[in-house]
Number of protein chains: 2
Amino acid sequence: MILDKRKIKILSAIIEDYIATAEPIGSRTIAKKYHIGISPATIRNEMADLEELGYISQPHTSAGRVPSNKGYRFYVDFLMPKQKLSPEEQILIGKLFKRRIGELEELVEEAAGVISKLTSYTTIILGPQLDTCGIKYIQISQLEEGKGLLIIVTDCGTISHNIIEIPSSLTESDLTKITNLLNDKLIGKTFSDISNEMIDTIKSEIIEYDEVLNILLDVLMQSLDDTCEQSKIVYSGSSKMLEYPEFKDVEKVKNFLTLLEQQVLLSKALKTTSKPDGITVTIGTENPLEEFQDYSLVTASFALGGKNLGICGIIGPTRMEYSKVVTVLKKFTDYLNRLSE
Amino acid sequence: MILDKRKIKILSAIIEDYIATAEPIGSRTIAKKYHIGISPATIRNEMADLEELGYISQPHTSAGRVPSNKGYRFYVDFLMPKQKLSPEEQILIGKLFKRRIGELEELVEEAAGVISKLTSYTTIILGPQLDTCGIKYIQISQLEEGKGLLIIVTDCGTISHNIIEIPSSLTESDLTKITNLLNDKLIGKTFSDISNEMIDTIKSEIIEYDEVLNILLDVLMQSLDDTCEQSKIVYSGSSKMLEYPEFKDVEKVKNFLTLLEQQVLLSKALKTTSKPDGITVTIGTENPLEEFQDYSLVTASFALGGKNLGICGIIGPTRMEYSKVVTVLKKFTDYLNRLSE
DNA sequence: TATTAGCACTCTTAACTATTGAGTGCTAAA
DNA sequence: TTTAGCACTCAATAGTTAAGAGTGCTAATA
C-alpha cells in the first residue's frame, strides 16, 4: 500500500516533531502545529492506519505516536528535506581544507572535531585500510647500533614509522642499497600485493649479501604486517550523546561509552554499513551488528583520486537529525572530491 | 591536636569502609565490623570529635559519617596500608616491558590500558614535553616534487614526522647536505635549545647555497615549533568512572566526559599536580584547577635515564582506592627505572 | 462516504502523605 | 571514662490521589 499525500504529511509531521522534541506527538498537536486543515479525529484515523502499516507506534495507550525504524527509513528515503548549511558552517568545513596539504592523520583528526561540532553527534573516523594503499616511499635509516627506523609513506597520505632491529654488521651503505632496492621493487605496490614470493625475489637479487640481510628482510616483513593492521580510529564528541534525553539513564550512557571503546567493533560497523562511495544511513535494527541496534549510524566513505581514504561515521540516537547529518557529510565529501581534481 | 590511637582506628575504619562501599558509615557498623572493643556510644563521641577536627562529615543529620578531603589526606599520608599486587597483576605490568623496545608512543598507549584495567579508574598519560627532549636524529627526504618529509627522532623515544614544502629547485644532494648539516648542529640539542641565532648560524654556514635554503630553514623552524607543541595525551577507560555510584547522575557523567575531552586542561592538571619524580596524590579541592575539585588525581612522572618521559595520571572520585592506585603506579615506575639501568 | 464532535476510557506523571529505619546527640547511670 | 537508653531528625520508600494527555469509538454531519 502506498501512502497517500495526507498520510505522508502526517507522518512527516510526526517524525520531524519527534526529532525536534523527543516527545511522542498526539493528534491535537499535529492539527494545531502543522495546519493540515483536518480535525484531530481524522488525524487519529490516519494515525491508526500508519500504525497498522508499521510506520509509527505508541509507547503506551494514552501516549502520542513515535516513529518506528520503518518510519525513519521512509523519511530518509523519500521525505527528508534538503538542508542548507549556514555560511559559518560552510566556513568551518572549508577551513579544514584551506591549509597546506599535510598528513592525512591531521586532517582526519580535525575533521572529526568539526563534524561532531556541526552535527552535535559523536563522530568516528576510520583511517584508510592500509592494505589497499600503495607504497609511495620507503626508507630504512640507522638510528643507533642495532636499531633502525623504517619509514613508509603511502599514497593515501599516511606515514608510518617503526623501529626495527638491524643486524649490527650492516653498514650505512648496505642500508642505502637495501633502501634503494626496496624502493625499486615495492613502490606502487600495495601492502596486500607484497607477498612472500616478492620478498623471496628480492632476497634472491641480493644473494651477494650475506645472511644478515635475510634477517633484516624478515623483520621488515613483520613490520609491514604490523603497520598494515593498524588502521586508526579517531572519535570526537563522545559526550555529545549525553545531551539527548534518551540517554538520561546512566546505564545507556555506559553502554554507549563501552561501545566507543571497542575499536574493533566500531571499525567493523563502519565497514559493513558503508558503501564505497556516497552516504549510507543505517537505522537502529537495520544494523546487522546487535550492539548498534539502539543507534543510527550515518557513514560516508571519503576518497581522493579514486583511493579510499577512510570512512566517516556519525552515531546518534535513531531519533537523529538525518537531514542535517547527511548535509554536513555531503559537504565534507564534496570538498574532498573537489580537492582531487 | 594530634589524633590518639583510638581516633585513628575509627577514622581508618570510616575511610576504608567508605572507599569500599560508598555508603556513609555509622557508629554501630564500626563497632560490629571493626571490633575496636568499645561501644557505639563511645564511637559516637569520638566521631563527634573527628568531625569537629574536620576529618569527617555528615551528609545529613541522620546519616553516618563520610571522610572529608582532610580525612583522605591524613589517610594517604599516614594510614594507608601498603598493598601487594597479585602475581597476575605483576605479570600484566611486566608484559608491558617485555618486548622489543620500540617507540615510546606504543608503550604509553598500552600502559594506559593496563593501568586503567588494574586500577579500574580512568588513566591519562601525557607524553614527554618535547621541548626538553634532545634531538637524536633528524632527516629530510624528498617525497615528491615540492614536498618533503621531515623526521625527527628524540632521545625520549618519540618520532615525529612532518610533511614540509621544499623549494623544487633543490636537488637530492642538496637535501643530503642539509640533513648532514642539521645533524651536525642539532643532535644533542633540545627543542628549546634551538634558538633563532642557532638557525642564523646554520644559515651563515650555508651562505654558499642560494636563497631557497633560507626558505627551507624557515619551514623547518616552523615545523619544529609545531612538533614541539604537540605533546600527546592518551587516555583509557573513560567509561570506568560510570561504575561508581557517585556517578549515577548523568549530569556528573557529562561533566567528567567533557573534562576528558579538554586536552589542554588535562595536560595542565597533570603538569601542575605532578612532581618530577615520585607519586603525588591530589585530593578534591586540593587541586588548584577548579574543574578537578570533584575528583582525585594521582600522578606519577616517569623517566628513563634521567629524561622525563611523561606523566601518568589516574583520575577517580575522591573516594578512591588510593592504596591500590599508588601501588600500581609505583610498580609501573619501578619497572621503568629498572629498564634504564 | 468522508469527516468531525463528543465522550468514556487508559495510562503516565507529579504531588502529597505516611511509614520505616538508620543514625545521631544527650542524659544519666555504671 | 564508658555505656545504655531514649527522643529526635531526616532520607528513602511505598502508597494514594489527582491531573492531564491522548486514544478509540459512536453517532451526527456535510
Side-chain angles (χ1 to χ4, degrees), chain A residues 1 3-11 13-15 17-18 20-68 71 245-246 248-250, chain B residues 1 3-11 13-15 17-18 20-68 71 245-246 248-250:
Chain A
M1 171 181 178
L3 300 184
D4 60 41
K5 276 217 169 135
R6 203 170 63 184
K7 280 199 175 60
I8 286 180
K9 251 189 181 165
I10 292 172
L11 179 57
I14 293 175
I15 293 178
D17 205 80
Y18 188 69
T21 66
E23 298 289 335
I25 174 172
S27 52
R28 239 180 88 83
T29 320
I30 295 181
K32 257 200 301 194
K33 222 165 156 185
Y34 294 87
H35 334 92
I36 313 191
I38 45 177
S39 76
T42 316
I43 293 177
R44 277 205 288 283
N45 288 331
E46 295 286 40
M47 293 208 300
D49 288 349
L50 283 170
E51 179 158 8
E52 203 176 338
L53 291 166
Y55 292 102
I56 54 179
S57 69
Q58 262 181 308
H60 53 85
T61 339
S62 71
R65 296 313 207 290
V66 155
S68 67
E246 30 271 87
K248 64 180 195 313
D249 177 19
V250 184
Chain B
M1 172 181 175
L3 299 184
D4 60 41
K5 276 217 168 137
R6 202 169 64 184
K7 282 200 175 58
I8 286 180
K9 250 187 181 167
I10 292 172
L11 179 57
I14 293 175
I15 293 179
D17 206 79
Y18 188 69
T21 65
E23 299 288 336
I25 174 173
S27 52
R28 238 180 88 84
T29 319
I30 296 181
K32 257 200 300 192
K33 223 165 154 184
Y34 294 87
H35 332 91
I36 314 191
I38 45 178
S39 76
T42 316
I43 293 178
R44 277 205 289 283
N45 288 331
E46 295 286 41
M47 292 208 301
D49 288 349
L50 283 170
E51 179 159 8
E52 203 175 339
L53 292 167
Y55 291 103
I56 55 178
S57 70
Q58 262 181 308
H60 53 85
T61 340
S62 69
R65 298 310 209 290
V66 155
S68 67
E246 32 270 88
K248 66 182 193 314
D249 176 20
V250 184

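Lettering follows sequence order; numbering is per chain, from 1. What you see is a predicted model; the values in this text were computed from it and never measured.
When each of B:Ala41 and A:Ile38 is assigned the nucleotide of DNA chain C with its nearest heavy atom, A:Ile38 is the one assigned upstream, toward the 5' end. Comparing A:Glu51 and B:Arg44 against DNA chain D, the residue whose closest nucleotide sits nearer the 5' end is B:Arg44.
Phosphate contact (OP1/OP2 of C:dA22, side-chain N/O of B:Arg65, threshold under 4.0 Å): absent. Considering only side-chain N and O atoms, A:Thr42 lies under 4.0 angstrom from the phosphate OP1 or OP2 of C:dT4.
For the pair B:Ile56/B:Tyr18, no side-chain contact is recorded, criterion being any heavy-atom separation below 4.5 Å from C-beta on. Looking at heavy atoms from C-beta onward, B:Glu46 lies out of side-chain contact with B:Ile43 at the 4.5 angstrom threshold.
For the pair B:Arg28 CZ and C:dG21 P, the computed distance is 13 Å after rounding to whole Å. A straight line from CG of A:Asp4 to P of C:dT3 spans 9 Å, rounded to a whole angstrom. Between the P atom of C:dA22 and the CE atom of B:Met47 lies a distance of 15 Å, rounded to the nearest Å.
On the nucleic acid side, DNA chain D contacts chain B at distances under 4.0 Å to non-hydrogen atoms, with the end points of that region at D:dT2 to D:dA11.
With B:Ile10 as reference, B:Ile30 is the one residue of B:Ile25, B:Ile30, B:Ile15 to meet the side chain to side chain contact (heavy atoms under 4.5 Å, CB included) rule.
Judged by distance alone, with hydrogens and angles left aside, A:Thr61 brings no side-chain donor or acceptor close enough to the base of C:dC11 to form a pair under 3.5 Å.
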Let me see the working for B:Ile14 and B:Tyr55 under side chain to side chain contact (heavy atoms under 4.5 Å, CB included), right down to the final yes or no.
-> CA-CA 10 Å; B:Ile14 293 175; B:Tyr55 291 103; over 6 Å; no

When you look at A:Arg65 and A:Leu50, which way does the side chain to side chain contact (heavy atoms under 4.5 Å, CB included) test go after all the steps?
-> CA-CA 10 Å; A:Arg65 296 313 207 290; A:Leu50 283 170; over 6 Å; no

Show the numbers, then the answer: is there a side chain to side chain contact (heavy atoms under 4.5 Å, CB included) between A:Thr42 and A:Ile36?
-> CA-CA 11 Å; A:Thr42 316; A:Ile36 313 191; over 6 Å; no

